[in-house]
Amino acid sequence: MTTANPAPGGPLSTAPDSPAVRVVVVENPHCLQGDLAVAVKQVRDTAESGDRRGILMTRLGQSLFTVEASPDVPYGTTLERDLWRRRAVPGSDQAAPVL
């Protein structure tokens, strides 16, 4: 696992499964966009010449994301997918992951 600091106060934890995949744990919600942008850049930077895959960004939980080069996404496109299962928390307007 490597750690980078893309923005002040916003550490980004990555654990690459392959050069074309980044697992992102967002520790500071204010840095969400910056952390994901760094992961997208890292994935793009690892692409080989002639790689025609787009970027698939998937939300798996409140602060857990994957960013990967995907053959299912057109080249030059970034697609966002949300797989976080939420449920209402009684007495709150907040959402929580289903356990």
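Keep in mind that the numbers below use all heavy atoms, side chains included, and drop hydrogens, waters and symmetry copies. Model, not experiment: these values are computed from the prediction.
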Atom pair CG/CD of D35 and E27 - distance to nearest 0.5 Å |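 Reported to 0.5 Å precision, the distance equals 8.5 Å.
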Results of salt bridge (Lys or Arg N to Asp or Glu O under 4.0 Å) for R53 - residues two or more places apart only |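 Only D51 meet the salt bridge (Lys or Arg N to Asp or Glu O under 4.0 Å) criterion with R53.
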Check whether any side-chain N or O of R52 sits under 3.5 Å from a backbone N or O of G50 as a donor-acceptor pair, and report yes or no.
->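 Between the backbone of G50 and the side chain of R52 there is no qualifying donor-acceptor contact (under 3.5 Å).
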For R22 and V24, indicate whether the former's side chain and the latter's backbone hold a donor-acceptor pair under 3.5 Å.
->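 No, the answer is negative, given that no donor and acceptor are paired below the 3.5 Å cut-off.
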List the steps and the verdict of side-chain contact (heavy atoms from CB on, under 4.5 Å) for V23 and L64.
-> CA-CA 7 Å; V23 176; L64 179 62; 3.7 Å; yes
Of V25, V26, D82, the residue whose pairing with F65 passes side chain to side chain contact (heavy atoms under 4.5 Å, CB included) |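 For F65, the side chain to side chain contact (heavy atoms under 4.5 Å, CB included) test succeeds with only one of V25, V26, D82, which is V26.
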Q42 and side chain to side chain contact (heavy atoms under 4.5 Å, CB included): which partner among V40, T46, V38?
->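 One option only clears the test, and that one is V38.
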Side chains of residues 67-79: which donor-acceptor pairs under 3.5 Å do they make with residues two or more places apart or in other chains?
residue: S70; atom: OG; partner: D72; partner atom: N; Å: 3.1
residue: T77; atom: OG1; partner: P74; partner atom: O; Å: 3.4
residue: T78; atom: OG1; partner: R44; partner atom: NH2; Å: 3.2

Could you state whether L36 and L56 fall into the same hydrophobic cluster, counting links through intermediate Ile, Leu, Val, Met, Phe, Trp or Tyr residues with side-chain heavy atoms under 4.5 angstrom apart?
->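 In one cluster with L36: L56, no.
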T58: what forms a side chain to side chain donor-acceptor pair (under 3.5 Å) with it, not counting sequence neighbours?
->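 Testing T58 for side chain to side chain donor-acceptor pair (under 3.5 Å), a comparison that skips the adjacent residues, returns R81.
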